[in-house]
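The model shown is predicted, which means the values in this text are computed figures rather than measured ones.
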Amino acid sequence: MEKVIQAIRGMNDVLPNESFAWQWIEQILKEVVDQYGYQEIRFPILEYTSLFKRTIGEVTDIVEKEMYTFEDRNGDSLTLRPEGTACCVRAGIEHGLLYNQVRRLWYKGPMFRHERPQKGRYRQFYQFGAEVFGLKGPDIDAEMILMSVRLWKRLSIADHLTLHLNSLGTAETRALYRRELLSYFSAHQRELDEDSQKRLHRNPMRILDSKNPAMQALIKNAPKLMDMLDPDSQAHFDQLRGFLDATGVRYEIDPCLVRGLDYYTKTVFEWTTDRLGAQGTLCAGGRFDALVEQLGGPATEAIGFALGFERLLALMEAVQAFPMQAAMPHVYFIYMGEAAEKRAFVLAESLKDVLPALRLVLNMGGGSFKNQFKKADKSGARLAFILGEEELAQEKIAIKFLREEKMQENIPLQSLTQYMKEFLEDFR
């Protein structure tokens with residue numbers, strides 16, 4: 001007997017009893033970004049590898065260890081996208097979306113990184129991202145944060161998230177800070193763990209990301225980028241805080257909040273939770289004012305954020321914030337006899353024509369009334385339509401309530417559409 005083929009490790013199926021929660025979240029995400037005037041953009045899962053080498057950097061863990069990269073039949077090096085921002089910028093430049101205009105864009109879909117699979121971190125994972133191009137002021141930074149606040153409220157998880165805020169200043173400021181960090185951590189090199197030793201000369205700012213408890217005292221005493229901000233970046237940050245204070249958004253200034261990529265400037269932020277253990281970052285964002293020009297486009301200010309679906313779902317499950325069951329059928333249609341079966345097909349299709357929101361399952365495969373009622377009960381439907389020879393002769397249909405203590409009703413077939421229209425209105 002041949003071995004059963006299973007899914008690739010770290011690439012998970014979303015089963016029918018789970019997909020309703022994904023759909024529900026996706027709908028709320030779309031409704032929120034629609035309120036702020038964002039438009040959806042869709043780009044390929046595969047991109048040229050050079051796109052990510054130019055944006056993420058060739059000497060990063062993502063490019064060196066985590067990307068799924070291969071040569072196609074033409075000898076081109078292609079990569080499954082590890083993140084969405086680079087793809088969004090590439091598409092914007094290629095199709096002329098970013099020239100002297102403001103763009104508010106959003107996207108969702110799978111990303112791929114070859115990491116060690118663990119809860120909240122998978123090799124195929126799903127992200128939602130929002131990016132704004134062509135606005136440089138702190139007002140758009142504030143609005144993007146406020147949009148995320150609105151999202152957490154809609155998902156009933158706002159009380160379980162904390163906003164962390166920092167400024168990375170300009171590229172020049174960050175270069176000076178890098179030298180300060182390199183000098184500081186080099187003087188304490190013996191205290192660095194293995195990961196930090198590797199990061200010391202490649203990207204010392206990433207040492208600030210370390211979650212190793214043994215490193216926290218050393219990190220706490222490290223030089224602070226906030227103390228070195230240029231006047232423009234400081235003013236930008238102060239105005240951002242003013243907007244957030246005025247709108248009642250609570251936040252923590254986190255001097256250790258950094259980004260490993262050089263194209264980030266000024267504002268960076270993260271939403272974190274203490275309900276998911278080590279995988280506590282739910283959403284991360286910041287300004288990337290240098291990226292469009294870095295990829296060959298015009299100098300364009302930009303800001304964006306991305307959130308992971310799997311972690312979002314895990315948090316909502318932990319705090320019991322999403323619907324507890326999928327959208328079940330409204331009706332299960334039971335019939336008996338050849339003539340009733342044909343009439344049931346006609347009725348089911350005509351009802352769906354007139355009432356697009358109606359979820360109606362027509363019994364398939366025949367069976368006795370008893371067997372069909374078992375299927376109806378198992379389906380989770382609220383009503384059962386019953387059409388037999390007697391009902392057909394009287395031009396009536398029986399309606400049985402499967403979830404409520406109500407008497408069965410018999411109504412004329414010509415009244416069925418109006419009956420179900422009123423049912424759907426009451427059901428809401």
Side-chain angles (χ1 to χ4, degrees), residues 29 32-38 85 101-106 128-155 157-174 176-177 205 208-209 220 222-259 261 263-274 280-292 299-307:
L29 286 167
V32 170
V33 293
D34 280 350
Q35 284 188 289
Y36 289 83
Y38 284 69
T85 298
Q101 53 193 309
V102 174
R103 288 284 182 177
R104 290 176 168 88
L105 304 174
W106 71 270
F128 173 92
E131 322 276 13
V132 178
F133 299 91
L135 294 172
K136 65 179 182 179
D139 47 1
I140 190 61
D141 302 18
E143 186 185 77
M144 179 158 278
I145 291 172
L146 286 166
M147 186 170 72
S148 64
V149 172
R150 185 171 300 277
L151 176 60
W152 310 145
K153 289 179 179 178
R154 287 287 306 276
L155 296 174
I157 56 175
D159 292 340
H160 305 282
L161 289 166
T162 301
L163 175 61
H164 296 258
L165 201 61
N166 196 18
S167 176
L168 300 182
T170 63
E172 293 75 19
T173 300
R174 202 162 54 254
L176 292 172
Y177 180 59
M205 288 178 67
L208 302 176
D209 278 337
K220 184 177 180 180
K224 304 294 186 292
L225 178 54
M226 191 68 68
D227 297 334
M228 302 175 61
L229 286 183
D230 56 283
D232 180 60
S233 297
Q234 185 66 61
H236 187 105
F237 191 66
D238 291 343
Q239 290 177 56
L240 169 60
R241 292 182 61 189
F243 286 126
L244 297 180
D245 292 340
T247 51
V249 177
R250 291 179 295 177
Y251 57 88
E252 295 180 4
I253 296 178
D254 186 351
C256 292
L257 176 57
V258 295
R259 291 286 182 267
L261 308 179
Y263 58 72
Y264 278 100
T265 58
K266 296 183 178 176
T267 305
V268 288
F269 63 92
E270 285 186 0
W271 287 96
T272 67
T273 180
D274 59 4
T281 299
L282 188 75
C283 171
R287 297 200 67 91
F288 46 97
D289 293 340
L291 183 56
V292 176
T300 306
E301 297 86 0
I303 184 172
F305 72 75
L307 62 89

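L135 CG to I303 CD1: the interatomic distance, rounded to the nearest 0.5 Å, is 10.0 Å. Here the straight-line distance linking atom NZ of K266 with atom CG of L229 works out to 10.0 Å at 0.5 Å rounding. Within the model, atoms NE2 of H164 and OG1 of T281 stand 7.5 Å from one another, a figure rounded to the nearest 0.5 Å. Considering CD1 of I157 and CH2 of W271, their distance stands at 9.5 Å, rounded to 0.5 Å. For the atom pair L146 CG and L151 CG, the distance stands at 12.5 Å (nearest 0.5 Å). The distance from atom CZ of F133 to atom CG of L291, rounded to the nearest 0.5 Å, is 7.5 Å.
Judged by distance alone, with hydrogens and angles left aside, the side-chain atoms of T273 form a donor-acceptor pair with the main-chain N or O of H160 at under 3.5 Å. The backbone N or O of L257 sits less than 3.5 Å from a side-chain atom of N166, completing a donor-acceptor pair. Formation of a donor-acceptor pair under 3.5 Å by the Y177 side chain with backbone atoms of P223 is found in this model. Although no hydrogens or angles enter the test, the distance criterion places a donor-acceptor pair under 3.5 Å between the side chain of D289 and the main chain of A302. In this structure, K136 contributes its side chain and G134 its backbone to no donor-acceptor pair below 3.5 Å. With R150 contributing its side chain and V33 its backbone, the two residues share no donor-acceptor pair below 3.5 Å.
Using a 4.0 Å cut-off between charged side-chain N and carboxylate O, E143 and R104 make a salt bridge. A salt bridge links R287 with D141: at least one charged nitrogen is closer than 4.0 Å to a carboxylate oxygen.
Each of T265, D232, D230 was scored for a side-chain hydrogen bond (donor to acceptor under 3.5 Å, both in side chains) with T173, with one residue passing: D230.
Residues V258 and V268 form no side-chain contact, since every pair of their non-hydrogen atoms from C-beta on lies 4.5 Å or further apart. Annotation: side chain of L168 is in contact with side chain of M205 (closest heavy-atom distance under 4.5 Å). For the pair F243/V249, no side-chain contact is recorded, criterion being any heavy-atom separation below 4.5 Å from C-beta on.
Inspection of the R174 and Y264 side chains reveals no N or O donor paired with an N or O acceptor under 3.5 Å. Side-chain atoms of T162 and E252 form no donor-acceptor pair, as typed in the model, at a separation below 3.5 Å.
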Requested in this report: In sequence, state the C-alpha distance, the side-chain angles, and the governing distance for T170 and S233, and then conclude on side chain to side chain contact (heavy atoms under 4.5 Å, CB included).
Outcome: CA-CA 7 Å; T170 63; S233 297; 3.8 Å; yes

Query - Steps toward side chain to side chain contact (heavy atoms under 4.5 Å, CB included) verdict (L240, L165) - result: CA-CA 10 Å; L240 169 60; L165 201 61; 4.1 Å; yes

Report task. For side chain to side chain contact (heavy atoms under 4.5 Å, CB included), just list the numbers for E172 and L176, CA-CA rounded to whole Å, side-chain angles, deciding distance to a tenth of an Å, and then say yes or no. Result -> CA-CA 7 Å; E172 293 75 19; L176 292 172; 5.9 Å; no

**Report entry** side chain to side chain contact (heavy atoms under 4.5 Å, CB included) between I253 and F237, intermediate numbers included
**Finding:** CA-CA 11 Å; I253 296 178; F237 191 66; 4.2 Å; yes

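Between A284 and R259 the shortest heavy-atom distance is CB-NH2, 3.4 Å. Contact record, F305 with C283: CD1-SG, 3.6 Å, taken as the closest heavy-atom pair. Shortest non-hydrogen contact noted between P255 and K224 is CB-CD, 3.5 Å. Looking at every heavy atom in both residues, G286 comes nearest to F269 through N-CE2, 3.9 Å. Residues D34 and Y38 share a closest heavy-atom pair of OD1-O, 4.0 Å. Here the closest heavy-atom approach between residue A130 and residue M144 is recorded as O-CE, 3.8 Å.
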